[in-house]
Amino acid sequence: MFRPVSPKLNIVLMEEGVLRFWKKHQIFQKTMEQREGGPEYVFYEGPPTANGKPGVHHVLARAFKDVFPRYKTMQGYHVIRRGGWDTHGLPVEIEVEKKLGFTNKQQIEDFGIARFNELCRESAFSYIQEWEKLTDRIAYWVDLDTAYITYTNDYIESVWWILKNFWDKGLLYQGFKVVPYCPRCGTPLSDHEVSLGYDEATDPSVYVRMPLVDEPDTALLVWTTTPWTLPANVAVAAHPEETYVVVEREMEEGGSEKLILAEALLEKVFNNQPFTVVRKMKGKSLKGKRYQPLFTFVPPDKPAHYVVMGDFVTTEDGTGLVHMAPAFGAEDMSAALEYDLPILMTVAPNGTFISDVRPWAGMFVKDADPLITEDLRQRGLLFRSGTYTHTYPFCWRCDTPLLYYARPTWYIRTSQFKERMVELNEQINWYPAHIKTGRFGNWLANNIDWALGRERYWGTPLPVWECEQCKHQECIGSVAELSQKAGRDLSGLDLHRPHVDEIIYSCPECGGKMRRIPELIDVWFDSGSMPYAQWHYPFENQEIFARQYPADYICEAVDQTRGWFYSLHAISTLLNDQVSFKNVICLGLILDGKGEKMSKSRGNVADPWDVLNKHGADAMRWYLYTASPPGQERRYSSELVSEVVRNFTLTLWNTYSFFVTYANLDGWKPDASHLPQYSDLDRWLRSSLHTLVRDVTEAMESYDVLGATRPIETFVDQLSNWYLRRSRRRFWKSESDEDKRAAYATLYEALVTLSKLLAPTMPFIAEELYQNLVRSLDESAPESVHLAQWPGYDLAVIDERLNREMALVMKLASVGHAARNKANRKVRQPLAEAAFSVGTAEEMRVVEAYADLLEDELNVKKVRVLDTTAEAVAYSLNPLPKQLGQKYGSKFPAIRKALLELEPETAAKRLLAGKPLEVVLEGETFTILPEEVEVRAMAREGFAVASEGAYLAALVTDLTPELVKEGLAREFVRRVQDLRKQADLEISDRIRLYYSATPLLAEAVKDFAGYIQAETLCIEMVDSLPAENLPTTQDTFDDQEVTIALKRVE
RNA sequence: GGGCCUUUAGCUCAGUUGGUUAGAGCGCGCCUCUGAUAAGGGCGAGGUCUCAGGUUCGAGCCCUGAAAGGCCCA
């Protein structure tokens, strides 16, 4: 006996039961233990940070991460599914700062780095329980107990080892570069951090006059969106090849002036204001022209304030003359190096003006923009001011506008490995494929050195020590090495600030004091080090590492292209000269129901629990897998998930429930020793099933999640709405014959196979089915579907022709139903005949072969092929372009025309008889084969027909008295069945029927008594109403009245 | 300005190496079936496949250009 299954499914209760089962029997642990010794399948967890609540986008990533480890486990692979947590970095610091109400770094220093970092350590896991709960509920099987944590000493030590390796190869260097810099956080940002924070910004748009020294009343017209950089101006750049003009114009305040700008921008700058072009010249003739500085707060220590040449100057915006402040722009800085210009540093690291800039000293530079503009206006140097909206980078965490700012910082020479990174990327299988050469490939091809240093507190310290006196530098690659330098055992040392900073040793060169430099490293370097650091490699676990590197599979959202995907790839390339992951699914963003991006900052993050508590994890996962290709953006809402439940889960569940109900009634059990006598329908279902297994397996092998899920939906639909609907009678009939056993065996095989195919994607319902269908009968079977073997398929069972034939039969049934509808003949009324016309001789054979099935489905006494000679239909030919076009190319239109000009009746009959046609074109004879032309029947008037393409169904709708009575009997049965249901009878309960009916109906009931009794499990029919009070129904149909009562018989 | 992606029914999406009649689900209206079903079936309304060129006997699909939206980068 199978455990009885209600057709009503409470998904959430079912899933919670399965969760308890997994926990009680430690199934997850067993999936790892039982596969030990099997081939390794390597999965890397991209570590999230648990200092915020997990959202739907995390469910998306975790759902996709989960699929392949489960699939591979079922194939016998050993998959270590180690979790991981990213714990360092600004996101954590900022949360703590918020809690403490801090707004700048000095407050942290005052508070104490040790205390601050302790709070960071706690904060990093403030939502750990939420994460664990959600991970558990969605059945993302990842080992959180042994998860790697980036703040542990072991992890940090491995990172140090990697850095030391780079140091030894000369790949770490300290540079002075203009970097995107967050004045609030007081730290430069890496490029991938910058890329996280672009947003629309409205900045001032300021046109400034820079009067020439040697030409009275003539000024360079310069445009900028950052007035705050003007006090640091040292030069103006012009493009050597562009054409510049001197224009003369009247000033609003009286008098006239001459301005120099690029010719191409005249209209943009002056709009409709009048002006006269005085002179034209190439940009290079401006070279060296001196102008009066706008400000003199910081006196330059080198020659400055003249025109320089720059190829980077464009005539898209502005005036074609670019203001240069080397401290605040990368191009400005390179021009400064080229022309030996001074670098005026007017801004302090906290983003405020230094005291030399007297009027605005201490003011945040962006806040000073309007004051500076006003100052210029008052001095007559402002030509025009307005606003300019463009995309501008903001700090990805605190939203402060970034400044481009010259800072000393540490770099990794990744650009030296640009070509190699591009080459190695060729080995990676990207899903979707375009990321490889597109977004990721371009990013690698344009690689610039990795800005590694961070002037912060909570992170992996850069292990470089420097001598106070002689500036000698050393990189430390392990705790042991540091202990040896320090001359004491430091194995208990916390490798964070401020503790590491306290380790001071004497310089081997000069005996001075070696102190650690203040910088931390970019947190992305932490996560990119996880292949090594998660095992504390190379200090421990060298063998495990060898087996667990590189990864077979990783999966994250597309925003990790420049994040984790890059840091993994860069570190692996520089360290081992090989890839660190072989296959990667790169997920698209998740959007809300309106199609808008979900993000913490927008506050439209849907709570995954809303759906989990209502529709369950399986449905949520399934929706995410099937909604759209993984790389595409996808919309998400509770309504979309509920469709999954209605259309897929419940269909499957009810098929399962049906099977269990009837199998239990019949006491059926799988019997491997008995070979079933499969019917055509069974053979078709098995052929479809094995085709499905083949297709799903192939899709899984190529990381095609959509291909591994959508076909299952189609199969379940056909299983339920064709196989089962067509097979119901086989299960109902009272005798247990060969045919019935074959039906059970077929349905059982389908359900068990489905449970395995669904295990990686819908782990709950898969387990539920498996436990009842397999484990309840066979104690020796694997304990869980997730420990079972992935199903194989039998090519001998796959019958493509059968698949095609059944597709045709379903099509014909559909056309037949359409014909009934048109003729207004409900299905309960039997009809004498249905005749089909099909396109080819081969299809005619199919109609005959499946006549029984169609008769039953359409409730007609006879199904046959429409007679080509005797019956009143007309034919037309449809030359098939696919066949004929490919065969005859440009002659196809002429051949088509010739075919259509043939006498259709004669030609159609030849073709349907399987004989070729001949057409003559310009003296050339072409032989047209039957399979190259489709024959279409057309209905003549007066027939109950429906057609679709080449397929036509014609119904004989005349009713004999006998057919009418049979129809009435069916109506009667239906009323009885309704009554049984109302009376809450068991399916197998026997009944006694009492009825009273108008004469014609009464006659029909008597004539079809045997049929009625068999259908309704009635042991006796009484042609009168009972005295006692019994479940009763009364109804009128087809001009007949009836009252029915029933009594359950023990 | 550059790179990548997307654009097909009211909504969410399919659409095989190009094949003449572009599909499904949801929603809507009408009809129907049912002792597995929260369902199923049929019919209908709803499409200039974003636009313009080109290649081809034939283009939703290939090529060129444009537009709109998105993501990323300057």
Side-chain angles (χ1 to χ4, degrees), chain A residues 5-9 191-192 194-196 198 314 316-317 330 391 393 432 434-435 437-443 445-446 558-559 561-562 588-589 591 593 595-597 623 626-629 631-635 637 639-640 642-662 706 710 713-714 717 720-722 724-725 728 731-732 813-822 824-828 857 859 878-886 888-896 946 948-949 973-974 976-978 980-981 985-989 1015-1017:
Chain A
V5 175
S6 160
K8 307 263 181 245
L9 168 65
D191 291 280
H192 34 280
V194 175
S195 70
L196 295 171
Y198 274 87
T314 71
E316 302 286 338
D317 289 303
T391 51
H434 64 79
I435 305 276
T437 51
R439 194 169 285 198
F440 193 68
N442 287 336
W443 167 250
N446 297 320
V558 69
D559 56 356
T561 310
R562 289 163 168 76
L589 292 169
L591 309 172
E596 288 182 8
K597 185 179 171 178
Y623 173 73
T626 55
S628 55
Q632 217 133 67
E633 296 169 347
R634 71 199 63 220
R635 295 181 181 207
S637 71
E639 290 68 43
L640 291 167
S642 80
E643 273 182 29
V644 169
V645 175
R646 288 214 310 275
N647 293 334
F648 183 62
T649 314
L650 292 176
T651 310
L652 174 61
W653 186 264
N654 284 306
T655 307
Y656 162 63
S657 160
F658 176 95
F659 168 81
V660 169
T661 303
Y662 284 92
L706 211 54
R710 280 187 178 166
E713 280 185 331
T714 309
D717 182 69
S720 170
N721 292 319
W722 187 252
L724 201 56
R725 188 149 60 83
R728 267 191 307 225
F731 294 99
W732 282 346
S814 165
V815 179
H817 279 298
R820 280 197 91 106
N821 254 307
K822 275 194 184 158
N824 209 8
R825 290 290 190 274
K826 56 189 179 183
V827 177
R828 237 179 273 130
E857 171 68 17
N859 194 19
N878 179 29
L880 293 169
K882 180 147 186 172
Q883 280 83 332
L884 292 170
Q886 269 166 17
Y888 296 109
S890 59
K891 286 176 187 150
F892 170 60
I895 291 174
R896 174 185 156 85
E948 192 178 334
V973 166
R974 164 133 174 65
V976 176
Q977 303 289 36
D978 264 355
R980 284 183 61 113
K981 218 172 179 178
L985 296 193
E986 292 295 319
I987 289 169
S988 52
D989 283 339
E1015 286 292 303
T1016 63
L1017 298 183

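Every chain is numbered from 1, with letters handed out A, B, ... down the list of sequences.
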_Say we look at G58(B) and G23(B): how far apart would their P atoms be, to the nearest angstrom?_
22 Å
*Respond yes when some side-chain nitrogen or oxygen of Tyr656(A) is under 4.0 Å from OP1 or OP2 of A36(B), and no when none is.*
no
*Starting at atom CG of Asn721(A), determine the distance to atom P of C33(B), rounded to an integer number of angstrom.*
17 Å
_Short side-chain to backbone donor-acceptor contact, Arg710(A) and Ala627(A), under 3.5 Å_ = yes
*Pick the C1' atom in C28(B) and in C11(B), then give their distance to the nearest Å.*
12 Å
*Identify whether any heavy atom of Ile435(A) sits under 4.0 Å from a base atom; if not, whether one sits that close to sugar-phosphate; answer base, sugar-phosphate or nothing.*
nothing
_Nearest to the side chain of Asn647(A), heavy atoms from C-beta on, is which of G40(B), A14(B), G35(B)?_
G40(B)
*Distance in angstrom units between Phe892(A) CZ and A59(B) P, rounded*: 12 Å
_Whole-Å gap separating C1' (G40(B)) and CZ (Arg646(A))_ = 14 Å
*In whole angstrom, give the distance that lies between atom CH2 of Trp443(A) and atom C1' of G2(B).*
15 Å
*If you find the nucleotide of RNA chain B closest to Gln977(A) and the one closest to Val645(A), which residue's nucleotide is nearer the 5' end?*
Gln977(A)
*asked:* As a test of reading the structure: which of C26(B), A14(B), G3(B) is closest to the side chain of Glu643(A), going by heavy atoms?
replied: C26(B)
_Heavy-atom pair of closest approach, residues Arg646(A) and Thr651(A)_ = O-OG1, 3.8 Å
*Would you kindly give the NZ-to-P distance between Lys891(A) and G58(B), to the nearest whole Å?*
16 Å
*To the nearest Å, give me how far apart CG (Leu724(A)) and P (G41(B)) are.*
14 Å
*Any side-chain N or O of Arg820(A) less than 4.0 Å from the OP1 or OP2 oxygen of C33(B)?*
no
*From the list A38(B), G35(B), G42(B), which nucleotide is the closest neighbour of the side chain of His817(A)?*
G42(B)
*Among U17(B), A36(B), G35(B), find the nucleotide with the atom closest to the side chain of Lys882(A).*
U17(B)
*asked:* If you compare every side-chain N and O of Arg974(A) against the phosphate oxygens of C33(B) (OP1, OP2), does one of them come in below 4.0 Å?
replied: no
_Spacing of the C1' atoms in U12(B) and U6(B) (rounded, Å)_ = 15 Å
*What's the closest nucleotide to the Leu650(A) side chain, out of A38(B), A36(B), C57(B)?*
A38(B)
*Rounded to whole angstroms, how far apart are CZ on Arg710(A) and C1' on G15(B)?*
11 Å
*Expressed in whole Å, how much space separates the P atoms belonging to C33(B) and G42(B)?*
15 Å
*For the pair Asp717(A) (side chain) and Glu713(A) (backbone), establish whether a donor and an acceptor sit closer than 3.5 Å, ignoring hydrogens and angles.*
no
*When you check the phosphate oxygens OP1 and OP2 of U32(B), does a side-chain N or O of Arg828(A) lie under 4.0 Å from one of them?*
no
*Does Arg725(A) get its side chain close enough to the base of G40(B), under 3.5 Å, for a donor-acceptor pair?*
no
*Keeping the roles fixed (side chain from Glu1015(A), backbone from Gln977(A)), state whether a donor-acceptor pair exists under 3.5 Å.*
no
*C1' atom, G1(B) versus U16(B): distance in rounded Å?*
38 Å
*For the side chain of Ser814(A), starting at C-beta, report the closest nucleotide among G27(B), G35(B), G42(B).*
G42(B)
*Base, sugar-phosphate alone, or nothing: which one does Arg896(A) contact when heavy atoms must sit under 4.0 Å apart?*
nothing
*Touch class at under 4.0 angstrom, heavy-atom based, for Gln883(A) against every strand present*: nothing
*Base A36(B) paired with Ser720(A) side chain (donor-acceptor, <3.5 Å)*: yes
*Using modelled atom types only, decide if a donor and an acceptor are shared between the side chain of Arg896(A) and the backbone of Leu884(A) within a distance under 3.5 Å.*
no
*Pairwise 5' ranking along RNA chain B for Tyr623(A) and Gly631(A), keeping only the more 5' one*: Gly631(A)
*Rounded P spacing from C63(B) to U55(B) in Å*: 15 Å
*Pick the P atom in G25(B) and in G44(B), then give their distance to the nearest Å.*
14 Å
_Min side-chain heavy-atom separation Val973(A)-Arg828(A) under 4.5 Å_ = no
*How would you label the contact of Tyr662(A) with the nucleic acid (heavy atoms, under 4.0 Å): base, sugar-phosphate, or nothing?*
sugar-phosphate
_If you go through the side-chain atoms of Lys8(A), does one of them form a donor-acceptor pair with the base of U37(B) closer than 3.5 Å?_
no
*His434(A), nearest nucleotide to its side chain (from C5(B), C57(B), A38(B))*: C5(B)
*Describe the nucleic acid contact of Leu9(A) in one word from base, sugar-phosphate, nothing, applying a heavy-atom distance below 4.0 Å.*
base
*Quick one: OG1 on Thr1016(A) to CG on Leu985(A), what's the gap to the nearest 0.5 Å?*
10.5 Å
*Are the side chain of Trp653(A) and the backbone N or O of Ser6(A) linked by a donor-acceptor pair below 3.5 Å?*
yes
*So what does the secondary structure string of RNA chain B come out as, 5' to 3', with Watson-Crick or wobble pairs under 3.5 angstrom, [ ] for crossing and | for pairs with another strand?*
(((((((..((((.....[...)))).(((((.......))))).....(((((..]....)))))))))))).
_Strictly distance-based, threshold 3.5 Å: is any side-chain N or O of Arg725(A) a donor or acceptor partner for the main-chain N or O of Asn721(A)?_
yes
_Closest to the Arg728(A) side chain, choosing from C57(B), U34(B), A39(B)_ = U34(B)
*asked:* Give me the distance, rounded to whole Å, that separates C30(B) from G70(B) when you measure between the C1' atoms they each carry.
replied: 41 Å
*Quickly work out the Glu857(A) CD to G41(B) P distance and round it to whole Å.*
11 Å
_Below 30° counts as parallel, above 60° as perpendicular, anything between as tilted: where do the rings of Phe658(A) and Phe731(A) land?_
perpendicular
*Determine the contact category for Pro629(A): base if any of its heavy atoms lies under 4.0 Å from a base atom, sugar-phosphate if only primed atoms, P, OP1 or OP2 are that close, otherwise nothing.*
sugar-phosphate
_As an exercise, state the distance from CD of Glu643(A) to CZ of Phe648(A), rounded to the nearest 0.5 Å._
14.0 Å
*asked:* Suppose we call a contact any N or O donor and acceptor under 3.5 Å apart; does that hold for the side chain of Arg439(A) and the base of C71(B)?
replied: yes
